[in-house]
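No experiment lies behind these values; they were computed from the predicted model shown. The chains referred to below are lettered A, B, ... by the order of the sequence lines, with proteins before strands, and numbering in each begins at 1.
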There are 2 protein chains.
Amino acid sequence: MSIGESHRALRDEVADQLRSWILDGTLEPGSRLGEGAISERMGVSRLPVREAFRRLEAEGLVQTAPRRGVRVAVFDQEELATIQEVRLALELIAVRKTAERRDSETMNELERVLLAGSQAAEAGDQSALKRLNGDFHELLAGGTGSRVLVALLRSVRNQAHHLVGGLVTSPEDSWSEHARVIRAVLDADAEMAALLMRRHLHDRHESQRATLTP
Amino acid sequence: MSIGESHRALRDEVADQLRSWILDGTLEPGSRLGEGAISERMGVSRLPVREAFRRLEAEGLVQTAPRRGVRVAVFDQEELATIQEVRLALELIAVRKTAERRDSETMNELERVLLAGSQAAEAGDQSALKRLNGDFHELLAGGTGSRVLVALLRSVRNQAHHLVGGLVTSPEDSWSEHARVIRAVLDADAEMAALLMRRHLHDRHESQRATLTP
DNA sequence: CTCACTTATTCTGGATACAATATCCGCCAT
DNA sequence: ATGGCGGATATTGTATCCAGAATAAGTGAG
């Protein structure tokens with residue numbers, strides 16, 4: 001099999017695949033990841049798998065015990081609360097900075113997402129809304145112009161996602177809150193955008209706590 | 001040479017060595033890190049070096065271009081400002097959480113550091129102060145009980161350190177501010193501790209900006 | 001002499017084989 | 001049952017090997 005034209009590095013491919021498997025629950029928290037099994041299942045040698053492990057380890061998605069292999073990260077309640085708190089702080093920094101910079105490309109993208117989102121909401125297109133909700137967060141991170149912040153947010157968001165198991169909020173509810181944030185950013189109202197974002201994430205956090213501690 | 005009894009994984013050793021070389025300026029920003037050269041210089045094979053690269057990459061200390069190797073990360077002014085902002089937010093979360101949890105082991109360690117620090121300050125022992133200043137930040141991160149936050153802070157702190165080149169603040173000045181924060185934490189005054197920490201980091205940030213933009 | 005093009009070397013990315021070692025699991029004896 | 005012993009398994013690390021890409025070196029033309 002030819003490696004093809006401009007194939008990405010295999011470690012990236014492997015890392016992405018593992019990440020999505022972890023996030024969508026195919027790999028349950030605490031389950032063990034044997035490098036042999038992974039490499040066999042994905043048809044690559046063990047070398048890229050090990051490199052992918054190191055990356056996921058640094059991203060906090062997996063935990064490594066020396067000589068005992070790698071397993072999907074499992075967090076306790078307190079750790080999850082901390083992650084939420086950190087995520088909130090970082091998202092606020094990001095949305096403020098994006099609203100202040102008003103990078104033209106990001107603004108155009110946000111307008112596009114806003115339009116597509118309201119159409120999808122009317123049509124009741126759940127999967128489109130889910131994707132747009134993802135775009136929303138990516139755009140707000142990217143709009144800061146900071147590669148570091150983008151990486152940190154993605155990492156923390158993954159770990160936060162890790163906790164929800166099944167998402168509690170419907171894509172429609174999420175979208176209406178997102179739309180308000182986007183409008184504030186487009187209006188260059190950084191403080192309003194931050195406030196709306198804070199409420200957005202805080203509500204979500206609360207509803208999760210409620211379901212987790214009955 | 002025998003690998004010995006309970007030696008840490010070589011990738012950790014390599015990553016630590018590279019990290020300190022980057023942080024102390026032995027490896028200048030933008031300089032290239034050939035995996036062959038590193039493995040030769042450190043007397044290990046290329047594999048642990050590559051694993052270490054992936055970790056440092058995720059920590060943001062190095063940047064990787066496909067097929068073009070890895071080089072020490074170089075950040076522009078705006079990125080550095082963002083990193084400082086993120087670090088401030090995370091340190092505040094950490095110091096508050098530590099002051100609220102009051103983990104007994106951490107409190108004991110903080111008392112020890114406080115005592116040793118005041119002695120070192122009197123004796124004018126610069127290197128001891130420098131080490132204690134490092135312990136200070138590690139303890140505040142560890143006191144949160146959150147592995148994730150510890151990892152994030154270490155990463156962000158490394159990248160912030162990355163910018164200073166030569167540190168501007170003397171260990172003594174740093175220490176006096178640190179000591180005040182420790183006392184506030186020991187007094188369970190989370191808000192006071194956070195306020196002192198904010199001022200501590202903010203001052204440092206300002207003095208750096210002053211030296212960088214003459 | 002400078003610039004572009006071609007060639008050669010180096011380096012990354014990946015695969016594979018092999019050794020060493022630590023952990024895990026089952027079996028056996030008490 | 002329980003505790004210890006020994007083999008099976010997995011991780012970790014080394015050594016080679018190869019393909020492909022990037023940089024460096026060299027060469028020729030204008």
Side-chain angles (χ1 to χ4, degrees), chain A residues 1-19 21-22 27-74, chain B residues 1-19 21-22 26-74 147:
Chain A
M1 178 184 57
S2 82
I3 310 183
E5 43 281 3
S6 62
H7 219 241
R8 292 165 60 221
L10 274 188
R11 54 169 175 266
D12 297 337
E13 221 83 3
V14 173
D16 287 352
Q17 182 66 74
L18 287 179
R19 196 182 292 112
W21 277 346
I22 291 173
L27 296 169
E28 288 178 28
S31 67
R32 190 163 171 191
L33 301 181
E35 59 184 43
I38 304 288
S39 73
E40 198 175 335
R41 170 138 46 138
M42 302 193 38
V44 298
S45 86
R46 285 159 42 184
L47 212 148
V49 175
R50 277 163 76 163
E51 293 188 286
F53 279 177
R54 298 312 144 224
R55 179 171 307 179
L56 295 177
E57 182 186 348
E59 286 179 13
L61 280 177
V62 303
Q63 292 164 346
T64 303
R67 285 283 174 186
R68 216 172 299 179
V70 164
R71 48 190 64 220
V72 179
V74 45
Chain B
M1 177 183 61
S2 83
I3 309 183
E5 43 280 4
S6 64
H7 220 240
R8 291 166 60 221
L10 270 191
R11 52 169 178 266
D12 297 338
E13 221 83 2
V14 174
D16 287 352
Q17 182 65 74
L18 287 178
R19 196 182 292 114
W21 276 346
I22 291 173
T26 304
L27 296 169
E28 290 178 27
S31 67
R32 189 162 170 195
L33 301 181
E35 55 185 56
I38 303 290
S39 74
E40 198 175 333
R41 174 142 39 141
M42 303 192 40
V44 299
S45 79
R46 281 169 47 194
L47 204 145
V49 175
R50 280 163 75 164
E51 292 187 289
F53 279 177
R54 300 310 144 228
R55 179 172 307 179
L56 296 178
E57 183 186 346
E59 285 179 13
L61 279 177
V62 303
Q63 293 163 347
T64 304
R67 284 280 174 193
R68 215 173 300 180
V70 93
R71 49 189 61 221
V72 179
V74 45
R147 283 193 314 276

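Following rounding to the nearest Å, B:E40 (CD) and C:dC11 (P) show an atom-to-atom distance of 10 Å. B:R68 has its CZ atom 13 Å from the P atom of C:dT12, to the nearest Å. The CG-C1' distance, from B:D12 to D:dT11, rounds to 13 Å in whole Å. Atom CD in A:Q63 sits about 16 Å away from atom P in D:dT11, given to the nearest Å. The distance between atom CD of A:E51 and atom C1' of C:dG14, rounded to the nearest whole Å, is 9 Å. In this structure, CZ of B:F53 is placed 15 Å from P of C:dG14, rounded to the nearest angstrom.
When the nucleotides C:dT12, D:dG13, D:dT14 are ranked by their closest atom to the side chain of B:V44, D:dT14 comes out on top. Checking D:dT12, C:dG14, D:dT14 against the side-chain heavy atoms of B:P48 singles out D:dT14 as nearest. Ranking D:dT14, D:dT12, C:dG14 by closeness to the B:L47 side chain, first place goes to D:dT14. Closest contact between the side chain of A:S45 and the listed nucleotides C:dC24, C:dT16, C:dT12 involves C:dT16.
No donor-acceptor contact under 3.5 Å links the side chain of A:R8 to the base of C:dG13. Between the base of C:dG13 and the side chain of B:R46 there is a donor-acceptor pair shorter than 3.5 Å.
Across all strands shown, A:R54 has heavy atoms under 4.0 Å from sugar-phosphate atoms exclusively, and none from any base. Among the atoms of the strands shown, only primed sugar atoms or phosphate atoms (P, OP1, OP2) are found under 4.0 Å from some heavy atom of B:R11.
Side-chain contact check for B:V72 versus B:L61: every heavy-atom pair is 4.5 Å or farther apart. Residues B:R19 and B:E59 have side chains in contact (heavy-atom distance under 4.5 Å, counting atoms from C-beta outward). With contacts defined as side-chain heavy-atom distances shorter than 4.5 Å, the pair B:R54/A:R11 qualifies. Counting heavy atoms from C-beta on, the side chains of A:R55 and A:D12 come closer than 4.5 Å. Between B:L10 and B:E51, the closest side-chain pair of non-hydrogen atoms is not below 4.5 Å. Using a 4.5 Å heavy-atom threshold, the side chains of B:L33 and B:F53 count as touching.
Note on the helix from C:dC1-D:dG30 to C:dT30-D:dA1: angle between the axes of the first and last five pairs equals 10°, rounded to 10 degrees.
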Q.
Using the rule given for side chain to side chain contact (heavy atoms under 4.5 Å, CB included), can you reason through B:R147 versus A:Q63, listing the C-alpha separation, both sets of side-chain angles and the distance that settles it, and then say yes or no?
A. CA-CA 10 Å; B:R147 283 193 314 276; A:Q63 292 164 346; 2.4 Å; yes

Q: Determine, stepwise, if the pair B:R50 / A:L47 fulfils side chain to side chain contact (heavy atoms under 4.5 Å, CB included).
A: CA-CA 10 Å; B:R50 280 163 75 164; A:L47 212 148; 3.4 Å; yes

Pick out the pairs of N or O atoms, protein on one side and nucleotides 4-10 of chain D on the other, that lie under 3.5 Å.
none

Considering only distance and modelled atom types, tabulate donor-acceptor pairs under 3.5 Å from the side chains of residues 35-43 of chain B, sequence neighbours left out.
from, atom 1, to, atom 2, distance (Å)
B:E35, OE2, B:R46, NE, 2.9
B:E35, OE2, B:R46, NH2, 2.8
B:S39, OG, B:E35, O, 3.3
B:S39, OG, B:G36, O, 2.9

